[in-house]
Asker: 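What follows is a structure written as structure tokens; I'll ask about it next.
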Protein chains: 2
Amino acid sequence: MTDGRDGGGVSVDEILAALADPTRRRLLDLLAAHGEATATTLAEGLPVSRQAVVKHLAVLDTAGLVTGGRVGREVRYAVRPAALDATARWMAALATDWDRRLDKIKRLAEAAEREERNDDRTPEGNA
Amino acid sequence: MTDGRDGGGVSVDEILAALADPTRRRLLDLLAAHGEATATTLAEGLPVSRQAVVKHLAVLDTAGLVTGGRVGREVRYAVRPAALDATARWMAALATDWDRRLDKIKRLAEAAEREERNDDRTPEGNA
DNA sequence: CCGCTGTGCAACTCTAGGGTTGCACTCGAA
DNA sequence: TTCGAGTGCAACCCTAGAGTTGCACAGCGG
């Protein structure tokens with residue numbers, strides 16, 4: 001539960017790193033909206049150069065968040081929900097795990113507190 | 001659905017950025033395991049200095065992923081599942097959204113294809 | 001009161017990576 | 001075959017931020 005890789009062998013690390021960049025998220029938005037687009041087209045809708053977009057797409061591709069397909073002389077990219085979905089599940093599971101742990105710790109703390117009160121009432125001289 | 005802030009007013013951007021760093025995730029792991037710990041304690045279990053840990057904890061705190069509480073002269077930190085959970089839901093919703101979009105696009109593409117075949121059979125001279 | 005431990009603050013280094021520009025290459029259309 | 005649009009590659013800035021060190025400050029225990 002600490003690391004985690006989805007079915008495609010893409011680490012959560014890569015996906016989170018990819019998602020951390022605002023431009024990249026914007027890119028994903030555009031792609032989700034258009035369904036399919038080239039780096040050149042996408043760059044027109046962003047305040048960055050085509051090359052920057054290409055780099056970002058490469059990162060997203062490595063993370064499994066998009067796929068690139070060649071059509072003639074252009075490269076069409078499309079969004080790929082699987083990786084995102086997998087990461088979402090991973091996070092949800094992690095959150096649940098934390099909840100369980102916190103609950104357990106809380107219980108232990110309360111138990112320890114009761115123990116201490118017991119010690120107060122029964123000093124060291126007992127059997 | 002593009003941005004998103006949880007109930008506490010913490011942007012998804014901050015949470016993703018916080019989660020993007022491996023050391024920070026490691027830190028969250030340790031915290032989830034111990035339930036509560038100080039920066040100094042946590043630093044002992046990591047290959048970085050206490051100061052580095054303090055900085056990371058500050059980031060995680062801003063992102064709403066941990067809380068700091070002062071006990072005597074030390075500061076105990078604890079994990080905070082709510083923000084993580086909210087982000088997980090956000091991601092899941094986004095993934096679903098992408099799925100819907102892809103589906104719709106696919107349908108449209110197929111419809112357009114049929115349209116085109118129609119045009120082939122009925123050249124412009126119709127009416 | 002004094003010393004020890006744990007925090008807080010500040011300045012500084014250094015690298016990853018986001019962004020750019022320039023140019024060479026390829027493929028499709030006229 | 002030639003022109004142009006689209007892509008790929010490489011070298012290059014520049015800043016954010018991860019990490020460090022040094023020191024001053026605060027609080028608990030003796």
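We name chains A, B, ... by the order of the sequence lines, and we start the count at 1 in each one.
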Asker: Under a 4.0 Å heavy-atom cut-off, which of residues 67-75 of chain A touch DNA chain C?
Answerer: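 DNA chain C contact set from residues 67-75 of chain A: A:G72, A:R73.
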Asker: Just the rounded figure in Å: distance from P of C:dG18 to CZ of A:R26.
Answerer: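 So the CZ-P distance, A:R26 to C:dG18, works out to 17 Å.
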Asker: Going by side chain to side chain contact (heavy atoms under 4.5 Å, CB included), name the residues that satisfy it together with B:R101, two or more places apart in sequence or in a different chain.
Answerer: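 For B:R101, the residues satisfying side chain to side chain contact (heavy atoms under 4.5 Å, CB included) (neighbours in sequence not counted) are A:A32, A:A33, B:D97.
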Asker: Atom CG of A:L46 to atom P of C:dG18: distance rounded to whole Å?
Answerer: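 Whole-Å distance recorded here is 14 Å.
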Asker: Just to verify, what does A:T40 make a side chain to side chain donor-acceptor pair (under 3.5 Å) with, not counting sequence neighbours?
Answerer: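 Testing A:T40 for side chain to side chain donor-acceptor pair (under 3.5 Å), a comparison that skips the adjacent residues, returns none.
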Asker: Would you give a per-nucleotide map of nucleotides 15-21 of chain D, 5' to 3', where B means the base has a protein non-hydrogen atom under 4.0 Å away, S means only the sugar-phosphate does, and - means neither?
Answerer: ---SBBB
Asker: Tell me the closest heavy-atom pair linking A:V59 and A:A18, and the distance in Å.
Answerer: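 Shortest heavy-atom separation between A:V59 and A:A18 comes out as CG1-CB, 4.0 Å.
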Asker: Grab the CG-P distance between A:L57 and D:dT7 for me, whole Å please.
Answerer: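 So the two atoms are 10 Å apart, to the nearest Å.
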Asker: Calculate the interatomic distance between A:L27 atom CG and C:dG17 atom C1'; express it in whole Å.
Answerer: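 Those two atoms, CG and C1', are 16 Å apart.
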Asker: Any side-chain hydrogen bond (donor to acceptor under 3.5 Å, both in side chains) involving residues 54-71 of chain B? Give me the pairs, sequence neighbours left out, ordered by first then second residue.
Answerer: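 Non-adjacent pairs meeting side-chain hydrogen bond (donor to acceptor under 3.5 Å, both in side chains): B:R24-B:H56.
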Asker: B:A43: what forms a side chain to side chain contact (heavy atoms under 4.5 Å, CB included) with it, not counting sequence neighbours?
Answerer: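 Expected list: B:R50, B:V53.
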Asker: Listing request: all salt bridge (Lys or Arg N to Asp or Glu O under 4.0 Å) pairs with a residue in residues 76-85 of chain B, at least two apart in sequence or in separate chains.
Answerer: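 Passing the test, one end in residues 76-85 of chain B: B:E36-B:R76, B:E74-B:R76, B:D85-B:R89.
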Asker: According to side chain to side chain contact (heavy atoms under 4.5 Å, CB included), who are the partners of A:S49, at least two apart in sequence or on a separate chain?
Answerer: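 Side chain to side chain contact (heavy atoms under 4.5 Å, CB included) list for A:S49, sorted by chain: A:Q51, A:A52.
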Asker: For B:L28, which residues count as a side chain to side chain contact (heavy atoms under 4.5 Å, CB included) partner, sequence neighbours excluded?
Answerer: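 B:L28: side chain to side chain contact (heavy atoms under 4.5 Å, CB included) contacts with A:W98, B:L19, B:L60, B:L65, B:V66, B:V79.
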